[in-house]
Amino acid sequence: MLVFRSLLFLPSALVACAGATSATPGAPLLAISASIAQQDELPPEHLVPRRPALSPDGLHVAYSHGGDLWVAGVADGVARRLTAHPQYDTSPIWSPDGNHIAFAGNRHGNFDIFTIPAMGGSPKRLTWHSENDRLSDWMANGHLLFSATRDRWYNRYGRGAGLWSVDGDARTPQRVGDFPAGRAKASPDGEWIVYERGSGDMRRRAYRGTASNALWLYRPATGEHRELTRFDGNDLDPQWSGDGKAVYFLSDRETTSNGQGRNLGVWKVAVDGGSPKLVYHPGEGRTLRYLTIAQQAGKLMSELDAGLVMIDAATGQAEMVKVYGGSDPTIPNEMDVTVSSGAGDLALSPDGETIAFAARGDIYALRKHDKIQRAARVTSHPAGDANPIWVDEGKALLFVSERDGNAEVYRVRPTEKDSPFFAARDFITERLTNSEADDYDLELSPDGKRLAWIHGNGKLVIGDPTTLEIERVIYEGFEAPSFAWSPDSEWLCFSVSDNDFNSDIHLARISIEGVDPGALGVTPFNLTMHPDDDTNPSWSPDGRKISFTSKRRMLDETDVWVAHLRAEDMERNERERLESEEAAKKVKKEKLKKDEPTGDQPKQEGPEKKDPAESESKEKGVKEEESKEEKELVKIDFDGIHMRIRQMTRS
């Protein structure tokens with residue numbers, strides 16, 4: 001269990017506007033908003049307001065921001081906070097008369113349904129089930145429509161296994177329809193319900209197939225179902241027109257401004273049937289999210305980019321709507337968070353004093369100490385950061401992030417040059433790679449001179465860990481290999497699938513300058529050559545063996561196998577191997593004993609004075625000798641190597 005200090009980097013606290021307000025047209029809210037808008041400074045703009053909901057008259061919008069609900073006047077965008085709770089409040093929906101707002105909140109461990117007066121007040125809880133309730137609509141009879149699994153277990157993709165309704169007095173919910181339905185909306189007269197049927201997802205761009213969402217109509221009185229739209233892509237977020245004769249919805253259908261069908265626009269279809277017609281599309285490369293309608297005003301609104309867009313349902317004219325509100329958070333700017341699970345990508349610093357790891361989408365640095373279990377937050381960004389790698393002798397970290405659109409490599413170091421990571425509070429981050437292809441799966445060589453990583457879909461490359469300039473492409477294929485460095489930094493072993501989708505372990509040399517192009521390993525050498533998958537290669541510390549996982553016994557089990565790289569290791573029996581290890585230990589002890597001062601040598605008085613130049617020369621010589629020994633560590637006898645593979649485990 002680790003404890004680290006989490007800096008949320010939220011804006012400084014501002015005083016939110018207060019006062020008795022109403023969501024009905026012409027009520028005091030507009031006057032209060034106008035008076036604030038006339039001040040020299042507006043509150044900060046709320047970026048990425050989520051799940052907007054227009055009031056029936058189209059004059060106000062409720063939305064979720066920072067986990068709380070806010071209500072803003074559309075005319076000036078000035079918002080007031082409606083809820084303030086440490087847990088998450090989302091998916092607001094206005095009552096038909098505009099006096100109340102329903103929302104979903106996980107205040108009691110899972111999402112339940114609540115209502116609150118639109119002008120402010122205490123939320124009222126309406127559902128009490130131990131599973132999530134997904135709010136859909138406020139019906140004309142005053143009941144709230146929602147989807148939930150409850151006692152049905154054929155739920156797919158979190159869509160819920162049926163439609164339910166609950167009244168404003170929180171009586172026992174009643175089943176409306178026993179079928180999977182997403183984002184259901186009741187018609188103004190209450191006769192029909194339109195819903196999504198399928199398991200599509202707006203985040204899956206340009207999907208075409210049988211899992212896509214279509215819109216269907218359901219008549220609760222008779223149990224009748226009727227198909228409203230038919231499309232290989234996704235039709236989402238249906239919204240009834242005020243007269244109940246048409247349904248507006250989001251779709252990724254192809255248009256002149258959406259040639260590849262990747263982005264969502266607003267479409268309209270008549271309830272009586274016919275082909276859908278385009279109402280509005282934001283243009284190539286831009287997509288709408290979460291549609292809402294003001295039925296009385298004939299206005300639509302949706303998330304777009306980092307803000308909101310208002311759309312005229314009749315003409316398709318659109319304009320961006322900014323919202324402004326106080327930013328006093330319901331949780332402190334700085335707090336201690338205990339992490340007991342979910343941490344990964346551990347990396348030990350060269351001096352062994354700091355552990356870098358990824359958790360909750362950011363990079364942290366933990367002091368290696370038995371009792372002081374605190375970590376510093378190194379990165380803080382909405383995009384996920386992962387794969388920390390120590391470089392520059394532990395003075396900097398490389399990591400991978402998608403903060404600029406795709407996976408790129410960044411370097412981070414403490415602002416104070418001599419500060420250890422675990423004690424630093426401020427860090428400097430710089431981007432190292434800048435290409436259309438992703439760069440990820442960083443792995444530094446043991447000697448620290450080269451970095452191996454994946455570039456694009458399946459290109460294994462090596463390069464300079466300082467600049468990340470690609471020195472050489474080791475392998476290029478259709479999927480990313482899993483790989484490991486040899487202890488002497490002169491070889492890479494990696495697992496990759498061939499054109500028959502069979503995975504084998506390969507060996508590749510790193511330094512090929514002056515090496516015969518026909519030498520084994522210059523072109524990756526297939527070490528395993530087996531019809532069953534061989535994956536997850538790893539070198540032994542002495543460089544004499546490579547372990548991997550495989551299903552070679554024709555059974556549905558995975559075992560560990562080992563390839564012996566030296567022929568002599570297979571030619572010796574157990575006794576000979578043990579004697580060889582004892583002999584090596586004996587030679588090492590004799591060498592250490594030889595280097596110790598003899599009793600005939602006079603003792604020096606006081607501290608020994610060393611010549612700095614001589615000391616540096618000796619240290620350099622020792623390092624060169626150690627480096628030479630390490631480079632001689634890995635020796636591969638390719639002749640008959642495929643026969644030196646043995647099974648190590650039997651599961």
Side-chain angles (χ1 to χ4, degrees), residues 344-347 356-358 361-363 379 381 383-391 396-412 429-487 489-512 521-528 533-539 546-549:
D345 296 349
L346 275 67
F357 64 94
D362 290 312
I363 305 298
T379 67
H381 197 275
D385 301 331
N387 196 186
I389 297 292
W390 293 97
V391 293
L397 278 170
L398 301 181
F399 66 94
V400 176
S401 179
E402 295 185 356
R403 58 183 63 188
D404 291 314
N406 60 311
E408 302 286 356
V409 182
Y410 297 77
R411 180 191 288 115
V412 61
T429 303
E430 58 178 322
R431 181 175 175 176
L432 297 183
T433 59
N434 188 6
S435 66
E436 294 182 358
D438 291 331
D439 292 294
Y440 53 99
D441 283 357
L442 313 179
E443 189 69 38
L444 192 67
S445 62
D447 62 9
K449 295 180 180 179
R450 289 186 176 94
L451 186 75
W453 72 95
I454 305 300
H455 180 75
N457 291 332
K459 189 182 292 185
L460 174 59
V461 301
I462 58 172
D464 188 337
T466 303
T467 63
L468 266 83
E469 292 183 3
I470 297 176
E471 173 186 327
R472 179 176 160 224
V473 177
I474 301 295
Y475 171 85
E476 185 171 5
F478 59 85
E479 69 175 6
S482 61
F483 61 91
W485 283 97
S486 65
S489 304
E490 289 298 327
W491 293 83
L492 276 173
C493 62
F494 59 91
S495 170
V496 70
S497 296
D498 58 22
N499 291 334
D500 294 322
F501 300 99
N502 179 65
S503 182
D504 281 311
I505 309 297
H506 295 72
L507 288 169
R509 295 177 185 266
I510 300 302
S511 301
I512 60 174
V522 174
T523 299
F525 173 81
N526 192 328
L527 172 65
T528 52
D533 287 335
D534 301 321
T535 55
N536 304 314
S538 178
W539 290 82
I546 291 177
S547 64
F548 59 94
T549 56

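Positions are given from 1, in the same order as the sequence printed here. Predicted model only: the values in this text are computed from it and were never measured.
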Is there a salt bridge (charged side-chain N to carboxylate O under 4.0 Å, His left out) between R403 and D385 once you walk through the steps? CA-CA 8 Å; R403 58 183 63 188; D385 301 331; 2.7 Å; yes
If I take atom CG from residue D439 and atom OG1 from residue T433, how far apart are they, to the nearest 0.5 angstrom? 4.5 Å
Treating S489 as the side-chain partner and S445 as the backbone partner, does any N or O pair qualify as donor plus acceptor under 3.5 Å? no
When you compare the side chain of V412 with that of F399, does any pair of heavy atoms fall below 4.5 Å? yes
Can you check whether V496 reaches I505 side chain to side chain, under 4.5 Å on heavy atoms? no
Separation between CG of N457 and CG of D438, rounded to the nearest 0.5 Å: 8.0 Å
Apply the test ring pair (Phe, Tyr, Trp, His ring centres under 6.0 Å) to residues F501 and F478: give CA-CA distance (whole Å), side-chain angles for both, the deciding distance (0.1 Å), then the verdict. CA-CA 10 Å; F501 300 99; F478 59 85; 5.7 Å; yes
Answer yes or no: is there a donor N or O on one side and an acceptor on the other, between the side chain of D534 and the main chain of D504, under 3.5 Å? no
Do the side chains of R431 and D404 get nearer than 4.5 Å, heavy atoms only? yes
Judged by modelled atom types alone, do D441 and W453 share a side-chain donor-acceptor pair under 3.5 Å? no
Residues that E471 engages under salt bridge (charged side-chain N to carboxylate O under 4.0 Å, His left out), provided they are two or more places apart: R450
Heavy-atom side-chain contact between I512 and R472 under 4.5 Å: yes
Closest non-hydrogen contact found for S538 with A484 is CA-CB, 4.3 Å
Out of curiosity, N526 CG to L507 CG, how far, rounded to the nearest 0.5 Å? 9.0 Å
Determine yes or no for a side-chain-to-main-chain donor-acceptor pair under 3.5 angstrom, with E479 supplying the side chain and S497 the backbone. yes
Between L398 and P465, the two heavy atoms sitting closest are CD1-O, 3.8 Å
Whether F494 and Y475 hold their rings parallel, tilted or perpendicular, with breakpoints at 30° and 60°: tilted
Would you check if T467 and L432 make a side-chain contact, meaning some heavy-atom pair closer than 4.5 Å? no
Say whether, by atom type as modelled, one donor and one acceptor occur between the side chain of D500 and the main chain of N502 under 3.5 angstrom. no
F483 and E443 have their tightest heavy-atom pair at CE1-CB, 3.4 Å
So L460 and I454, do their side chains get closer than 4.5 Å, heavy atoms only? yes
Output for pair (K449 NZ, D464 CG), nearest 0.5 Å, gives 12.5 Å
Give a yes or no answer on whether the side chain of N406 reaches the backbone of S435 with a donor-acceptor pair at less than 3.5 Å. yes
Nearest heavy-atom contact between L442 and N387 is N-OD1, 2.6 Å
Which atom names give the shortest non-hydrogen contact between A383 and E402, and what distance separates them? CB-C, 3.9 Å
Pairwise distance CH2(W491) to OG(S511) - rounded to 0.5 angstrom: 10.5 Å
Is the backbone of D362 close enough, under 3.5 Å, to the side chain of T379 for a donor and an acceptor to pair up by distance? no
Taking the side chain as C-beta and beyond, is there a heavy-atom pair between Y440 and H455 under 4.5 Å? no
Within-4.5 Å side-chain heavy-atom neighbours: Y410 and E430: no
Contact summary for C493 and W539, nearest pair of heavy atoms: SG-NE1, 3.1 Å
Distance alone, cut at 3.5 Å: any donor-acceptor contact between the side chains of T535 and D533? no
Check the pair I462 / L451 against side chain to side chain contact (heavy atoms under 4.5 Å, CB included), numbers first and verdict last. CA-CA 5 Å; I462 58 172; L451 186 75; over 6 Å; no
Regarding S503 and S495, is there a side-chain donor-to-acceptor distance under 3.5 Å anywhere? yes
Euclidean distance, F357 CZ relative to L346 CG, rounded to 0.5 Å: 7.5 Å
